[in-house]
Amino acid sequence: MDAPTVEVRLEAPAEVPPGVPFEVVARVRAPAGWHVYWGENPGASGLPTRARLFGVVHDAPRWTAPTLHTDSGGIRTYVYEPSGAAVFLARPGTPGTLALKAELSWLACREACVPGSTTVEATVHVVEGARAPKPGRTRLPAPAPASLAADGTLRVCLPAGLGYFPDSTFESLGVVPAHDGTAWVARLPADAPPEAAVVYTRDARTSWYVQLGEIGTHPPCP
Amino acid sequence: MFSLLVSVALAAPAAVGQPAPAFSLAATDGATHSLAQYAGKTVVLEWYNPDCPFVKYAHGPGGPLTAQPTKVTGSGVVWLAINSGAPGKQGADPARNVQSRTEYGITYPVLLDPTGTAGQAYGATNTPQMYVIDAKGTLVYAGALDNAPLGTLEGPAAVNYVDAALADVAAGRPVATPTKKAYGCSVKYGS
């Protein structure tokens, strides 16, 4: 069987001013009929797509929202079908040249699965007086209105009927929020890790996330 | 959407701490193996697809499943591979399974589950995916083989969860890590 050609691109502005954070985007695209897996949780099978960035100080990547893929046997996985991206917020220092390198690895599946990896590069010049880069055109999940009470009750104030994608950490809590008519509600264990996060999706263009440790920065529930 | 939910509900998986689901399946050599016949022994189940790259890696040179089963069965543990691939799906052809035992040097039975009944009863979704059943027939571990998919370590140190579970069982301790999210190819069920 021929290996699928998964396309990977690294996108970054050509010039940025010193000290102003900018986005570096690693895009993956699987060929028609194939999918690769969400970086935060592949679901019931598969392997998460991994992205590592070198050459600049940066935050942990944020991943675009996945879609649900159901294999025979009712195996539900969270995938990019065909494409998704990891977005890094990079923090440039003093003027100079940044040689960026990103290492990506993935598992591409149709019926058969084929692992792959590659390295992609980009160059960014840090220049005094450069125009600040525009906000990214990559659509990331927006912070959902949410609250987390002292007793562990999580409320995510979004409508019913959305796609639900827990990251691996949230999934391991064994708790699935249920909609009570106004919000998605779950009672979380006291030791729920702050990095645990959930993504809700309405369609390919609209998605939200909740990360437990960041709830103070999310909009409040109305 | 609703048919999807129904199929998931039917696949309600075996739970750790509960009796392991019974099965009776033919191996590649035609011999039938049932869980009941191994009552009183510790049993390891390995969900298998000879053409899945994770299985190939695990059974390939230096892979985690090249030496482990022989070491384990030498101490009286039963090790069974189960292929729940449906006829026509990748890695499901019985002849390919016979040949793969030679290719990978597998000495334990490879059981064929073409209807997927055993796989669904255990909730197996990946190859490889591992289950450890104690001598009383209780499922005590379900999940990943290790924390190094395709040899790439996740975490500070390598952990083989099956070895860890077997050590706990042998020592009469509760299994410290009774579940770990499995990784691998999807099991190639028929429907």
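All values derive from a computational prediction rather than experimental measurement. By convention in this document, chain letters (A, B, ...) are assigned in the order of the sequence lines, proteins followed by strands, and residues within each chain are numbered from 1.
Separating the CG atom in N41(A) from the NZ atom in K181(B) is a distance of 4.0 Å, to the nearest 0.5 Å. Atoms OG and CD1, from S186(B) and I75(A) in turn, are 5.0 Å apart once rounded to the nearest 0.5 Å. Distance OG/S45(A) to NZ/K188(B): 7.0 Å, rounded to 0.5 Å. Atoms CG and OG, from L150(B) and S117(A) in turn, are 10.0 Å apart once rounded to the nearest 0.5 Å. For the atom pair CZ of R76(A) and OG1 of T125(B), the computed distance is 12.5 Å after rounding to the nearest 0.5 Å. Interatomic distance, CD of Q90(B) versus CZ of R110(A), reported as 10.5 Å (0.5 Å rounding).
Contact of F54(B) with chain A is made through the side chain alone, with heavy-atom distances under 4.5 Å. Contact annotation for C185(B): both backbone and side-chain heavy atoms come within less than 4.5 Å of a heavy atom of chain A.
Taking the side chain to side chain contact (heavy atoms under 4.5 Å, CB included) definition, one finds that A149(A) meets it with D151(A), T153(A), sequence neighbours left out. Scanning for side chain to side chain contact (heavy atoms under 4.5 Å, CB included) contacts around T206(A) gives R202(A), D203(A), W208(A), with sequence neighbours left out.
Counting heavy-atom pairs under 4.5 Å between each of C52(B), G119(B), P53(B) and chain A puts P53(B) at the top.
K180(B) NZ: 12 or fewer foreign heavy atoms inside a 6.0 Å radius. Counted within 6.0 Å of CZ on R205(A), heavy atoms from surrounding residues, nucleotides or ligands total 12 or fewer; the atom is thus considered open.
Here the side chain of S72(A) pairs a donor or acceptor atom with the backbone of Y189(B) at under 3.5 angstrom. Between the side chain of N126(B) and the backbone N or O of A44(A) there is at least one donor-acceptor pair closer than 3.5 Å.
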